[in-house]
*Asks:* 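Handing you a structure now.
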Amino acid sequence: MTGQRLEILGFAGSLRKGSFNRGLLRLAGEIMPAEAVLEIFDLAEIPPFNLELELDMPHAPRELKKAIEKADALLIATPEYNYSFSGVLKNAIDWASRPTGSNSFAGKPAAIMSASTGFMGGGRAQYHLRQVLTGLNVMVLNKPELMVTMGSEKFDAEGNLTDGKARENLAKLLEALVAWTQRLKGDS
Ligand SMILES: Cc1cc2nc3c(=O)[nH]c(=O)nc-3n(C[C@H](O)[C@H](O)[C@H](O)COP(=O)(O)O)c2cc1C
């Protein structure tokens, strides 16, 4: 460690207020290890991707690119939609990967996590997301994996995680992300 806190940028692929995945990210900000701080970027203002606009990019995707480039690491929370990650998230990733030669993700350490109503907790979404991030040269943490299953039983109506075991697992993921980021920065 250089003494400065790591800056982790988080975003969630769900826009709904009571989202489990937004809730996971919110909690991550509260229980982040002392060596790091989480900033959350809301993807709500990101317009649909249009290749014609990439050289004169709209404000929101430009801000997203800047935030990613400034961050020491990323924390991405995704819902599972039809066995994959959400279109909202893919759309944001597409903007931030462009234009050619300006992939904002290149070389970034990252952790991914998911929560869903199903018994797989968004695992299928995570594996698709992992594939896409690998293509963008993101250094995705392999383990631990955090897939919060049966979300309706583990989050309240505001999307706050109420399940103790899942909270513990989130804390472990955050510790691993901090260690992974320090390792890639050569700080440990
Ligand atoms: C279009 C759509 C497709 C979905 N497909 C899946 C799915 O494949 N697997 C799953 O576990 N849940 C699926 N769900 C349920 C989501 O897990 C659930 O809506 C969850 O709350 C989404 O995450 P969020 O709470 O962060 O919005 C789907 C929901 C929607 C709206």
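Read the numbers this way: they start at 1 and go in the same order the structure lists the ligands and their atoms. What you see is a predicted model; the values in this text were computed from it and never measured.
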*Asks:* Are Leu75 and Met113 packed together at the side-chain level, in the sense that at least one heavy-atom pair is separated by less than 4.5 angstrom?
*Replies:*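 A side-chain contact exists here, since the closest heavy-atom pair is under 4.5 Å.
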*Asks:* Answer yes or no: are there more than 12 heavy-atom neighbours, outside Arg167 itself, under 6.0 Å from its atom CZ?
*Replies:*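 Atom CZ in Arg167 is not crowded, with 12 or fewer foreign heavy atoms closer than 6.0 Å.
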*Asks:* What protein heavy atom sits nearest atom 11 (O) of ligand 1, and how far off is it?
*Replies:*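 For this ligand atom, the closest protein heavy atom is Ser116 OG, 2.8 Å.
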*Asks:* Distance from Arg5 atom CZ to Glu35 atom CD, nearest 0.5 Å?
*Replies:*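 Those atoms lie 9.0 Å apart.
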*Asks:* Is the count of non-hydrogen atoms from other residues, nucleotides or ligands lying under 6.0 Å from Glu63 atom CD greater than 12?
*Replies:*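 Result for CD/Glu63: enclosed.
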*Asks:* What residue and heavy atom of the protein are closest to atom 27 (O) of ligand 1, and at what distance?
*Replies:*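 I find the closest protein heavy atom is Ser14 OG, 2.7 Å.
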*Asks:* Around atom 5 (N) of ligand 1, find the nearest protein heavy atom and jot down its residue, atom name and distance.
*Replies:*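 The closest one turns out to be Asn82 N, 2.8 Å.
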*Asks:* Are there protein heavy-atom neighbours of atom 21 (O) of ligand 1 below 4.0 Å?
*Replies:*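 Yes.
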*Asks:* Going by salt bridge (Lys or Arg N to Asp or Glu O under 4.0 Å), Asp42 matches just one of Lys17, Arg22, Arg26. Which one?
*Replies:*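 The passing option is Arg22.
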*Asks:* What part of Ser19, side chain from CB on, backbone N/CA/C/O, both or neither, has a heavy atom under 4.0 Å from ligand 1?
*Replies:*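 Ser19 to ligand 1: contacts from backbone and side chain alike.
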*Asks:* For Glu54 and Phe49, what are the C-alpha separation, side-chain angles and deciding distance, and is it a side-chain contact (heavy atoms from CB on, under 4.5 Å)?
*Replies:* CA-CA 8 Å; Glu54 70 169 6; Phe49 180 76; 4.3 Å; yes
*Asks:* Could you list the atoms of ligand 1 found under 4.0 angstrom from a heavy atom of Gly118?
*Replies:*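 Result: 11 (O).
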*Asks:* Without swapping roles, check the side chain of Arg130 against the backbone of Leu141 for a donor-acceptor pair under 3.5 Å.
*Replies:*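 Yes; judged by distance alone, with no hydrogens or angles, the pair exists.
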*Asks:* Using a strict 4.0 Å cut-off to heavy atoms of Asn21, name the atoms of ligand 1 that fall inside it.
*Replies:*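 Here the atoms of ligand 1 in question are 23 (O), 24 (P), 26 (O).
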*Asks:* In the protein, which heavy atom is nearest to atom 2 (C) of ligand 1, and how far is it?
*Replies:*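 Here the nearest protein heavy atom works out to Tyr81 CD2, 3.6 Å.
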*Asks:* I'd like the name of whichever of Glu80, Arg16, Arg124 reaches closest to atom 28 (C) of ligand 1 through any heavy atom.
*Replies:*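 When every heavy atom of Glu80, Arg16, Arg124 is considered, Glu80 comes closest to atom 28 (C) of ligand 1.
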*Asks:* What is the nearest protein non-hydrogen atom to atom 15 (C) of ligand 1, stated with its residue, atom name and distance?
*Replies:*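 Atom 15 (C) of ligand 1 sits closest to the protein heavy atom Thr117 OG1, 3.3 Å.
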*Asks:* Evaluate whether atom CG of Asn50 has more than 12 neighbouring non-hydrogen atoms of other residues, nucleotides or ligands under 6.0 angstrom away.
*Replies:*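 Yes, the 6.0 Å shell around CG holds more than 12 heavy atoms from other groups.
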*Asks:* Yes or no: does Arg22 have any heavy atom under 4.0 Å from an atom of ligand 1?
*Replies:*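 Not so, Arg22 does not reach ligand 1.
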*Asks:* Looking only at distances, please establish whether an N/O atom of ligand 1 is found under 3.5 Å from an N/O atom of Phe20.
*Replies:*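 Yes, Phe20 has an N/O under 3.5 Å of an N/O on ligand 1.
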*Asks:* Applying side-chain contact (heavy atoms from CB on, under 4.5 Å) to Val178 and Gln182, what does each step give before you reach the verdict?
*Replies:* CA-CA 6 Å; Val178 167; Gln182 289 169 340; 3.7 Å; yes
*Asks:* Check whether any side-chain heavy atom of Phe155 sits under 4.5 Å from a side-chain heavy atom of Asn21, and report yes or no.
*Replies:*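 The answer is no; the side chains never approach within 4.5 Å.
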*Asks:* Note the single closest protein heavy atom to atom 8 (O) of ligand 1, along with its residue, its atom name and the distance in Å.
*Replies:*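 For atom 8 (O) of ligand 1, the nearest protein heavy atom is Tyr83 N, 2.9 Å.
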*Asks:* Within ligand 1, which atoms have a heavy atom of Pro79 less than 4.0 Å away?
*Replies:*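 This gives 22 (C), 23 (O) as the contact atoms.
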*Asks:* Record the part of Met120 in heavy-atom contact with ligand 1 below 4.0 Å; permitted values are side chain, backbone, both and neither.
*Replies:*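 Under 4.0 Å from ligand 1, Met120 contributes no heavy atoms.
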